Amino acid sequence: MVEELVAVGAAVAAGCFVYVVAAAKVVKQYERGVVFRLGRLRGTVRGPGFTMIVPAVDRLRKVNMQIVTMPVPAQDGITRDNVTVRVDAVIYFKVIDASDAIVQVEDYRFAVSQMAQTSLRSIIGKSDLDDLLSNREKLNQGLELMIDSPAMGWGVQIDRVEIKDVSLPEAMKRSMARQAEADRERRARVINADAELQASKKLAEAAGVMSEQPAALQLRLLQTVVAVAAEKNSTLVLPFPVELLRFLERAQQPASSGQSQPGQSQIAQPTSGEPPSVEPPARAEEQEALEPPPVQPVPPLPPAVPPAA
């Protein structure tokens, strides 16, 4: 009898142990437990920690409450300005209501993925190529609103959506490269023209100053020679100043006008402090030799005699 009671007690203890093991569940900190009893949802969501359910009657489903990073597959589309592009994105979302994420939708991850793909195609069709390339922040906000509206009924909150990459056709890449090159060349030409205009104004002002002071041109020439000589070139080209020619021309004019006639005394200019020397007048024989001989008048011819009849 005692042995039978011991056996029954052992069996009951083993059954209780098996029951406790089957009923005991552990929910992690980042999870929530949703309990279904005979197919019906229990009112409370089990929090993190140790919890008990009724084996073979209750069914516990754990829902991850962490932020999920899901890549959106690349979608081909045509923009509003008729350019074929291929765009991929990434979406960040989390579950805020575990019971709705289990009851309201069959697979909330798949549902969010499909909604993100269709919304991305819609955004591509409503946007221009320039917006996809330069105004992505606005497109990300619009894409987030389009996905978040239906996801709220699934117990899911969209945290952020980012357009990751925009792939363009090779022909469009070449066209954009030519456009960018032409725009940069246009700006370079405008800058060069503006620089030439400013330089011409400054040169005009400098020419006005140099015309008032001719010595400034000589100083500028010397500065140019110094600048060229500093480069240690083997050949130095020195331009002949025009002002020097003008100076020589002005010096030659009084010299030519002051020449004396023959027979007049010429006074030499003193050099190195010597007294001026006076040349003696030429002698009469030398003057006669220098003077040309007088021209003799030619007698008139006699009148012609008419022939006899």
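The analysis underlying the following values was restricted to heavy atoms, covering all of them including side chains, and did not include hydrogens, waters or symmetry mates. All figures in this text were calculated on a predicted structure; none of them were measured in a lab.
Listed for the Q75 side chain is a donor-acceptor partner under 3.5 Å among the backbone atoms of P73. A distance-only check finds a donor-acceptor pair linking the side chain of N64 to the backbone of Q66 [under 3.5 Å]. No donor-acceptor distance shorter than 3.5 angstrom exists from the side chain of D88 to the backbone of K164, with no hydrogens or angles considered. Judged by distance alone, with hydrogens and angles left aside, the side-chain atoms of D148 form a donor-acceptor pair with the main-chain N or O of I158 at under 3.5 Å. Distance alone, capped at 3.5 Å, places no donor-acceptor pair between the D183 side chain and the Q179 backbone. In this structure, the side chain of S200 engages the main chain of L197 through a donor-acceptor pair within 3.5 Å. Side-chain atoms of S113 never come within 3.5 Å of backbone atoms of R109 as a donor-acceptor pair (strictly under, hydrogens ignored). Using a distance-only test at 3.5 Å, with no hydrogens or angles considered, a donor-acceptor pair links the side chain of S149 to the main chain of L145. A donor-acceptor distance shorter than 3.5 angstrom exists from the side chain of N140 to the backbone of I163, with no hydrogens or angles considered. Counting only distance, with no hydrogens or angles, the side chain of T118 and the backbone of M115 share a donor-acceptor pair below 3.5 Å.
Here the closest heavy-atom approach between residue V27 and residue G47 is recorded as CB-O, 3.4 Å. Across all non-hydrogen atoms, the minimal contact from S167 to D165 is OG-OD2, 3.7 Å. When every heavy atom of I147 is checked against every heavy atom of S119, the shortest pair comes out as CG1-OG, 3.7 Å. Heavy-atom minimum distance, A101 versus V95: CB-CG1, 3.7 Å. Pairing each heavy atom of M152 with each of I96, the nearest pair is CE-CD1, 4.4 Å. Smallest separation of non-hydrogen atoms from G33 and V45: O-CG1, 3.2 Å.
Rounded to the nearest 0.5 angstrom, R40 CZ and R42 CZ are separated by 10.5 Å. Atoms CE and CG, on M176 and D130 in that order, are 7.0 Å from each other to the nearest 0.5 Å. Atom OG1 of T51 is separated from atom CZ of R46 by 3.5 Å, given to the nearest 0.5 angstrom. To the nearest 0.5 Å, atoms CD (E170) and OG (S175) are separated by 11.0 Å. Taking CD1 from I78 and CG from L129, the interatomic distance works out to 13.0 Å, rounded to the nearest 0.5 Å. Note that CD1 of I124 is 10.0 Å distant from CZ of R86, once rounded to the nearest 0.5 Å.
When hydrophobic clusters are built by joining Ile, Leu, Val, Met, Phe, Trp and Tyr residues whose side-chain heavy atoms come closer than 4.5 Å, directly or via intermediates, I53 is not grouped with V103. Placement of V85 and V90 in two distinct hydrophobic clusters is found when ILVMFWY residues are connected by side-chain heavy-atom separations under 4.5 Å, directly or transitively. By the criterion of side-chain heavy atoms lying less than 4.5 angstrom apart, applied directly or through intervening Ile, Leu, Val, Met, Phe, Trp or Tyr residues, I91 is not grouped with I67; the two fall into different hydrophobic clusters. Cluster membership for W154 and V63, using ILVMFWY side-chain heavy atoms within less than 4.5 angstrom, is shared. Cluster annotation: M65 and Y108 are assigned to the same hydrophobic cluster (Ile/Leu/Val/Met/Phe/Trp/Tyr, side-chain heavy-atom contacts under 4.5 Å, transitive).
Under the side-chain contact (heavy atoms from CB on, under 4.5 Å) test applied with T79, the options L132, D128, V166 reduce to a single match, L132. The side-chain contact (heavy atoms from CB on, under 4.5 Å) test with I123 singles out one residue from L143, V161, D131, and that residue is L143.
The number of heavy-atom neighbours closer than 6.0 Å to CG of L41, taken from other residues, nucleotides and ligands shown, is above 12. Other residues, nucleotides and ligands contribute at most 12 non-hydrogen atoms within 6.0 Å of the CZ atom of R189. For F110, the CZ atom sits in a loose shell: 12 or fewer heavy atoms of surrounding residues, nucleotides or ligands are nearer than 6.0 Å.
Taking a cutoff of 4.0 Å between a charged side-chain nitrogen and a carboxylate oxygen, E205 and K201 do not qualify as a salt bridge.
By the 4.5 Å heavy-atom criterion applied to side chains, Q114 and Q117 are counted as neighbours. F93 is not listed as a side-chain neighbour of D159, based on a closest heavy-atom distance of 4.5 Å or more.
Sequence neighbours left out, the pairs with a member in residues 48-64 that pass salt bridge (Lys or Arg N to Asp or Glu O under 4.0 Å) are R37-D58.
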